[in-house]
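FYI, the numbering just counts along the sequence from 1.
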Amino acid sequence: MSSIKWIFQIVVIIGVLALLLLFLRELKALKYQRRFAKFSLTSIHDQEKSFFDHIIKQIWCLTHKLSRILEKSQVLQTLSESYERHISFEEKKQKSKMDYISLKFLTAFGFVLLLLLTLIFTSTKINIIHFLSAILIGFFIPDLLLAFKMQQKQKRIEEDLLKAIIIMNNSFKSGRNIMQAVEIVKNELDGPISDEFKKIHMDMTYGLRLEVVFKRFYERVKLEDAKYITSSLTLLNQTGGNIIHVFSSIEKSFYNKKKLQNEMKSLTASSIFVFRILIALPLLFSLAIFVLNKNYFNPFFETPFGFLSFILIILLYIGYIFTIKKVLKVKM
């Protein structure tokens, strides 16, 4: 009976992960749909929406309603400040930073409901530790997804920042000013870099100084390249100089760094392979134990102490991943 219960819990967890992946996939599809909508003709009679679109709409409606209630809390207002950078330029009218706090509460509530269903179907005794674990996991899963999304965004911006600097430098050489150069970048490029330069253009329209604008850009993306641009522009503003020479120097520095990064990727390919092997070994070892003895891991789910031990093992495994990644990482 305990093995059936454990298998059922694994199936439920896999189902939840599959739903999350499907949800993220649909969100990405909707993002591309909105991006290409302005370049395509839409039929007047073709206004049908899928069932999944209606679900997303209802979730966001519930999120907005909850956000209006949570906005009254000054503590939650302070906590929501860190989510401002996750809102793109086009989403500012549809989303607010408090919506992410609301999503965290809704996800925690969803995990509690899922836990209740699991306990009902498996006839397991209700335990406060299970509830606390479900609340914590549900509350912090959106942060993990946002961190992963931000990591992908930073990687994309870092790859496209050299293109933006080249476009700006060529614009300066052709006689355009800084406002026109930023406008060309936001129109010519796409993706996260275009969104960031739209925010830069808006800040400059409000009259902020150039070094302040790029300092805000660095605070949003947290990239060393953006910090280097900010330092260069601050020095330019304090000492004076030719902005064409400054951006030519930045372009040359970024190009050399990009070239060095490509060389490092080829040299560290073996380290990446070793990292993946070391990450997979504990999982393969656990899978082998489970195949040989299916009841070996049952004590983890039969007592509160066993469940806490299981959570501790997961945390140690995550620390193990970060430690190996830190050891094998090569800094330039």
Side-chain angles (χ1 to χ4, degrees), residues 8-34 49-122 124 126-153 192 195 220 307-308 310-311 314-315 318:
F8 181 79
Q9 290 177 344
I10 292 176
V11 171
V12 170
I13 293 173
I14 293 174
V16 172
L17 292 176
L19 288 175
L20 286 174
L21 290 176
L22 181 62
F23 181 72
L24 292 175
R25 182 180 177 185
E26 291 295 330
L27 285 180
K28 189 175 182 180
L30 289 174
K31 180 181 178 181
Y32 285 126
Q33 182 181 356
R34 288 195 298 267
K49 292 185 178 180
S50 65
F51 177 73
F52 196 81
D53 293 337
H54 287 289
I55 293 178
I56 293 178
K57 184 178 179 181
Q58 292 300 321
I59 290 175
W60 278 111
C61 288
L62 181 61
T63 302
H64 295 326
K65 290 179 181 179
L66 183 59
S67 297
R68 286 193 287 269
I69 298 174
L70 298 180
E71 282 176 354
K72 300 177 182 179
S73 172
Q74 191 64 35
V75 176
L76 294 180
Q77 282 279 8
T78 305
L79 291 175
S80 65
E81 293 294 334
S82 59
Y83 296 96
E84 179 73 29
R85 58 178 183 158
H86 296 288
I87 304 175
S88 64
F89 186 82
E90 289 82 4
E91 295 174 339
K92 282 187 174 294
K93 294 182 180 179
Q94 292 82 23
K95 293 182 182 179
S96 67
K97 53 192 178 182
M98 186 58 69
D99 287 338
Y100 290 98
I101 301 293
S102 301
L103 279 176
K104 288 164 67 72
F105 281 106
L106 291 176
T107 308
F109 180 71
F111 268 77
V112 171
L113 288 180
L114 185 62
L115 175 64
L116 288 174
L117 290 175
T118 305
L119 294 177
I120 291 172
F121 281 108
T122 57
T124 308
I126 297 177
N127 195 311
I128 188 65
I129 297 178
H130 292 168
F131 275 101
L132 291 177
S133 301
I135 291 172
L136 290 176
I137 292 173
F139 192 78
F140 289 106
I141 269 188
D143 291 329
L144 295 176
L145 296 177
L146 287 173
F148 176 76
K149 184 179 178 182
M150 178 57 67
Q151 186 179 12
Q152 298 298 317
K153 178 181 177 180
D195 182 74
R220 289 193 300 268
F307 190 76
L308 286 176
F310 178 75
I311 298 296
I314 296 296
L315 294 176
I318 294 173

Residues in salt bridge (charged side-chain N to carboxylate O under 4.0 Å, His left out) with Glu84, at least two apart?
Lys92

Under the salt bridge (charged side-chain N to carboxylate O under 4.0 Å, His left out) rule, collect the residues that match up with Asp99, sequence neighbours excluded.
none

Any Phe131 side-chain heavy atom under 4.5 Å of Leu116 side chain
yes

Rounded to the nearest 0.5 Å, what separates atom [atom1] in [X] from atom [atom2] in [Y]?
| X | Y | atom1 | atom2 | value |
| --- | --- | --- | --- | --- |
| Ser67 | Lys65 | OG | NZ | 12.0 Å |
| Ser96 | Ile101 | OG | CD1 | 10.0 Å |
| Asp195 | Ile87 | CG | CD1 | 11.0 Å |
| Ile59 | Ser102 | CD1 | OG | 13.0 Å |
| Met98 | Ile69 | CE | CD1 | 11.5 Å |

Applying side chain to side chain donor-acceptor pair (under 3.5 Å) as the test, list every pair that has at least one member in residues 133-153; sequence neighbours left out.
Tyr83-Asp143, Lys104-Asp143, Lys153-Glu196

Partners of Leu106 by side-chain contact (heavy atoms from CB on, under 4.5 Å), sequence neighbours excluded?
Leu62, Thr63, Leu66

For Gln77, give me all partners under side-chain hydrogen bond (donor to acceptor under 3.5 Å, both in side chains), at least two apart in sequence or on another chain.
none

Sequence neighbours excluded, the answer for side-chain hydrogen bond (donor to acceptor under 3.5 Å, both in side chains) partners of Glu81 is Lys97

Other residues, nucleotides, ligands: >12 heavy atoms within 6.0 Å of Phe310 CZ
no

Between Thr107 and Phe139, does the side chain to side chain contact (heavy atoms under 4.5 Å, CB included) criterion hold? Intermediate values first, please.
CA-CA 6 Å; Thr107 308; Phe139 192 78; over 6 Å; no

Audit row: Leu70, Phe105, side chain to side chain contact (heavy atoms under 4.5 Å, CB included) steps and yes/no:
CA-CA 10 Å; Leu70 298 180; Phe105 281 106; 3.9 Å; yes

